[in-house]
Amino acid sequence: MAERDLTDMVEGYKVTLNVYDLSNGLARQLSTSFLGKPIEAIWHTGVVVYGNEYFFGGGIQSTPAGSTPYGRPVRVVELGVTHLPREVFEDYLRDIAPRYTAETYRLLTHNCNNFSNEVAQFLVGSGIPDYILNLPNEVMSSPMGPLIMPMIQNLESTLRNNAAPQATQFVPTPASVSAPPAAAEKAAAKQEEPAPAAAAEKVAKEAAAPAPTPAPAADPLGSARGKVQEEVMREFAAIMASGTLRASEAAALAMRRVMERHGDGATMQQG
């Protein structure tokens, strides 16, 4: 597992965009009659990276990839590869979370697609397709655009009241979390304590049972991976402090510098 994580850090994490049609095909069928111009779909998007899908709806939310309330995407757009560690990305989400809440949601100007665009720029240095971002302009520039504004305002009010389908609110994964050992061990010991009547039987069974197989040795790459991650994080922070590169470029440069520093040692170990 450690080897795989280290490989992901070096090769990068694939970033894709899940694209959904909230109208389930009705926009394509009815838009010409209703708006006076054809509209392909009512787009909703989520950014997929690190095995999760991140999107904006009543707040920044995250679910395992493919399990959002919006069903199956109508298309998947490949955005690129990021070298940013997951911890850096989740720190970034924590920073921008106050700008993406139920109260700040605006159907036309500050929606799920604007969030996906900002996140994509942070991860890979480029945004999502223009045809998705331009949907509000397409609708409002139609002959019926000015007349549907009251409906849009009512919909925004509904969304702010969390009446729309919601997934679990995004909570960044702590970089290091350890449960209080005393309470946990005490509870576990209490649950595992055998009843007095069964104590003798348990001792007999344990005596007759074969000797347990020795536990496998600890993963030798675990500590090395942690050190590499720490070095990458420090290098990334130093590069970003200079203010000369975008986050995606800084992450790639930080990874390259750390790999170059450890290159000779890694070669000797492999030989």
Single-linkage hydrophobic cluster, 4.5 Å side-chain cutoff, F89 and F115 together: yes
Student check: side-chain heavy atoms of N52 and R86 closer than 4.5 Å: yes
With rounding to the nearest 0.5 angstrom, report the NE2 to OG distance, H44 to S116. 7.0 Å
Keeping the roles fixed (side chain from S67, backbone from P64), state whether a donor-acceptor pair exists under 3.5 Å. yes
Once rounded to the nearest 0.5 Å, what's the spacing between atom CD of Q121 and atom OG of S126? 8.0 Å
Taking all non-hydrogen atoms of both residues into account, name the closest pair between I42 and S23 and its distance. CG1-CB, 3.9 Å
Treat each ILVMFWY residue as a node, draw an edge where side-chain heavy atoms are under 4.5 Å apart, and state whether L133 and I96 are in one component. yes
Heavy atoms of C112 and F56 approach each other most closely as CB-O, 3.3 Å
Okay, side chain of N134, backbone of Y131: is any donor-acceptor separation there less than 3.5 Å? no
Which donor-acceptor pairs under 3.5 Å do the side chains of residues 29-36 make with protein atoms, sequence neighbours left out?
unit_1: S31; atom_1: OG; unit_2: A27; atom_2: O; d: 2.7
unit_1: S31; atom_1: OG; unit_2: I39; atom_2: N; d: 2.7
unit_1: S31; atom_1: OG; unit_2: I39; atom_2: O; d: 3.4

Looking at P136 and N111, what are the two nearest heavy atoms and their distance? CG-ND2, 4.3 Å
Of all heavy-atom pairs linking K37 and S142, the shortest is CD-CB, 3.4 Å
Evaluate the side-chain contact (heavy atoms from CB on, under 4.5 Å) criterion for residues L84 and Y50: first the C-alpha distance (whole Å), next the side-chain angles of each, then the deciding distance (0.1 Å), finally the verdict. CA-CA 10 Å; L84 289 171; Y50 314 113; 3.9 Å; yes
Please check if any side-chain donor atom of Y100 sits under 3.5 Å from a side-chain acceptor atom of E118, or the reverse. yes
Y13 backbone acceptor or donor facing T82 side chain under 3.5 Å: no
Establish whether L22 and L26 are linked, either directly or via other cluster members, by ILVMFWY side-chain heavy-atom contacts under 4.5 Å. no
With no hydrogens and no angle check, is any side-chain donor or acceptor of H110 less than 3.5 Å from a backbone partner on R99? yes
N18 side chain to V76 backbone, donor-acceptor under 3.5 Å: no
Would you call the rings of Y70 and Y20 parallel, tilted or perpendicular, where under 30° means parallel and over 60° means perpendicular? tilted
Do V119 and Y54 make a side-chain contact, defined as non-hydrogen atoms from C-beta onward lying under 4.5 Å apart? no
Is it true that Y92 and V48 fall in one hydrophobic cluster, defined by side-chain heavy atoms closer than 4.5 Å? no
Going by side chain to side chain contact (heavy atoms under 4.5 Å, CB included), N117 matches just one of I128, L17, T45, I132. Which one? I128
Nearest 0.5 Å, what's the CD-OG1 distance between Q61 and T68? 10.0 Å
To the nearest 0.5 Å, what is the distance between CG on D21 and CZ on R72? 14.5 Å
